[in-house]
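What you see is a predicted model, and the numbers here were worked out from it, not measured in a lab. Naming: A, B, ... by sequence-line order, numbering from 1 per chain. Excluded from the calculations below are hydrogen atoms, water molecules and symmetry mates; all remaining heavy atoms, backbone and side chain alike, are included.
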2 protein chains.
Amino acid sequence: MLFSTPYREKQLRTLVQKLGLPESAPVRWELLDLALTHPTASAAANYERLEFVGDAVVKLAAAEFLFATYPESDEGELSAMRGVLVSDRLLSEISDRYGLDRYLLVSGSTHADHLGRETRLAAALEALLAALYLSTHTLELVHPWLDLHLKQHAERIRQDPTLENYKGALQGLTQAHYQMLPDYKITEVGQVYGDPERFVAEVWVQERMWGRGKGRSKKAAEQTAAQIAFLALQKSLQNESPLD
Amino acid sequence: MLFSTPYREKQLRTLVQKLGLPESAPVRWELLDLALTHPTASAAANYERLEFVGDAVVKLAAAEFLFATYPESDEGELSAMRGVLVSDRLLSEISDRYGLDRYLLVSGSTHADHLGRETRLAAALEALLAALYLSTHTLELVHPWLDLHLKQHAERIRQDPTLENYKGALQGLTQAHYQMLPDYKITEVGQVYGDPERFVAEVWVQERMWGRGKGRSKKAAEQTAAQIAFLALQKSLQNESPLD
C-alpha cells in the first residue's frame, strides 16, 4: 500500500506538484510519506533515518551547484557558502516556501513548540530530499527546484558572506588562514528555558579567545560569539596581511 | 586535451581498471587527473575543489549503503558508523588498497611528509570519488567498488563500535542521549613538531570534562581524549539507566 489514506495521497501529490515535478515523476511515495512524519506522530516509523541520509543529499546538491556555478572560488569560499546554504535557518526558510508544516504529521502539542519549529522544518526538508534522492538514486527530482533557492541565496551570501551565518563565515576564514576550525566552549549559566542569557559561548582560535556571546539556545550564543570573533579576526588579518 | 601526457593516460586507465570499472566507463578523465594532483604539484589546478565535493559524495555513498543494509538501526547508530567509515584513517586505508599514492602527483619533498600522509591519501580518495560522481551525476561508478570496503568495515565496526574511532563513537553516544555533540578544547603545549605530547585535548559534554588526552597532532590528542570520555560516559549511562 503506497498511501495510508486517500487524503494523504492527495496531500502528497499536491506537494510534489508544488515542487514543480511532473505528475509522472517516479516518486517512492511510501518514503515521501515517512519523510513527512514527525517522531511525535510515530515513534517507530518517522523521518529520522531519512534525515540522516538527507543531510548528505543536501550537502552534495549544494556542493555540486557551487562547484559548477563558481569556478573561480576556492574550496574555503565554497565551504563557507555551503555552511550557510545548508543551515537550519535557510532550510527551514525553503520549507516555508512550500508550506511544509502543513504536510508534516505531528502530535497535537508539537505545533505549539515554536522554538523547535526551525529544526523541525529543516529536518523535514532534509528527509524529503532523501526520499526524492532514493526514488531514482540521482538528484534529478531535487536539482530542478532546489537549485532555484540555492542560486538565489548563494548570490545574496556572496554579496555579504557574514549576512546569514557568522559561524560558517568564521569557519571559512580559519580554514583558509590557519587550516583549522574554531573551537566553541559552551557554558549553561542559567536554568530557565527561554532565558535570553541562558547559554554563554566562547570562540577559540589559535589559543586565543576571539569572541563571547550569550543566547537563549546554544546555537544563538554561538552565532553571537562567532559574529564577534569573525569581525575581530578579519580585522586582525587585514592588519597583518601587508607584512606577510 | 583529456590527458597531459601519454604516460598519465596509461596511469589513470590502469587505476580505473584496478577499481574494477569497465574500460568503456564514461569517466571524465580531466577531472580524474585533477583529483590526483596534490596542491604542491600545482597551486592553481589541484584536488582541493574536488575534495570539497567528494566529502559530500563519500558521506552520501556511506549513508545510502548504511540505510539499505541496516534497516533496524536508528539514525544515532547509523551516524556513529558513518563517522568511522568516512574518517581519514579509514579512507586512507582504502586509498592504500589501490596504491593511490603512486598515482598522486606531488612535489618532491611531499612524499617525505609521513605525518601528512593519511590526510593526503584521504583527500585524494575524496577527490577521486567526486571526479567519478561528476562523470555521470550518479554513484554508479562509485558503489560497485566502494561498497565492498564499506561492507567489510561496517561489519567490523558493528562488532565493536569503539574499535576504530572513539570520536565517532562518542558523538553517537552524546547525540543519542543528549541530542548534542561533545566539545573539544585543544591546547598546544609544546612547539616541537612530532613531539608526542605537543597537543592536549579536553572533551566536554554537558558542562563536564570527561576526558583529557595528549598527542603529536590535534587529531591524535582528540582521539585519546575521546576514548577516555567514551568509556567514562558509557559507564555513567549504564549506571544511571535503571533509574531512568
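Only the backbone of Tyr70(B) comes within contact range of chain A, judged by heavy atoms closer than 4.5 Å. Only the side chain of Glu207(A) comes within less than 4.5 Å of a heavy atom in chain B; its backbone stays farther off. For Leu134(A), the part lying under 4.5 angstrom from a heavy atom of chain B is the side chain only.
To the nearest 0.5 angstrom, Glu75(B) atom CD is 7.0 Å from Asn46(A) atom CG. Summarising the geometry, atom NZ belonging to Lys59(A) is positioned 10.5 Å from atom CZ belonging to Phe52(B); distances are rounded to the nearest 0.5 Å. For the atom pair Asp183(B) CG and Trp204(A) CH2, the distance stands at 13.0 Å (nearest 0.5 Å). Here the OG atom belonging to Ser79(A) is positioned 12.0 Å from the CD atom belonging to Glu48(B), to the nearest 0.5 angstrom. Here the CG-CZ distance, from Leu50(B) to Phe67(A), works out to 4.5 Å after rounding to the nearest 0.5 Å. We find the CD-CZ distance between Glu72(A) and Arg49(B) to be 8.0 Å, quoted to the nearest 0.5 Å.
Contact count versus chain A (heavy atoms, under 4.5 Å) is highest, among Thr138(B), Thr187(B), Asp74(B), for Thr187(B). Most heavy-atom pairs under 4.5 Å with chain B, from the set Thr136(A), Val58(A), Leu78(A), Val53(A): that is Leu78(A).
Judged by distance alone, the side chains of His137(B) and Glu140(A) never bring a donor and an acceptor atom under 3.5 Å apart.
Between Arg82(B) and Asp55(A) there is a salt bridge, since a side-chain N of the basic residue sits under 4.0 Å from a carboxylate O of the acidic one.
Side-chain contact between Gln206(A) and Glu188(B) is absent, with no heavy-atom pair separated by less than 4.5 Å.
Between Glu64(B) and Tyr133(A), the shortest heavy-atom distance links the atoms OE1-OH, 2.9 Å.
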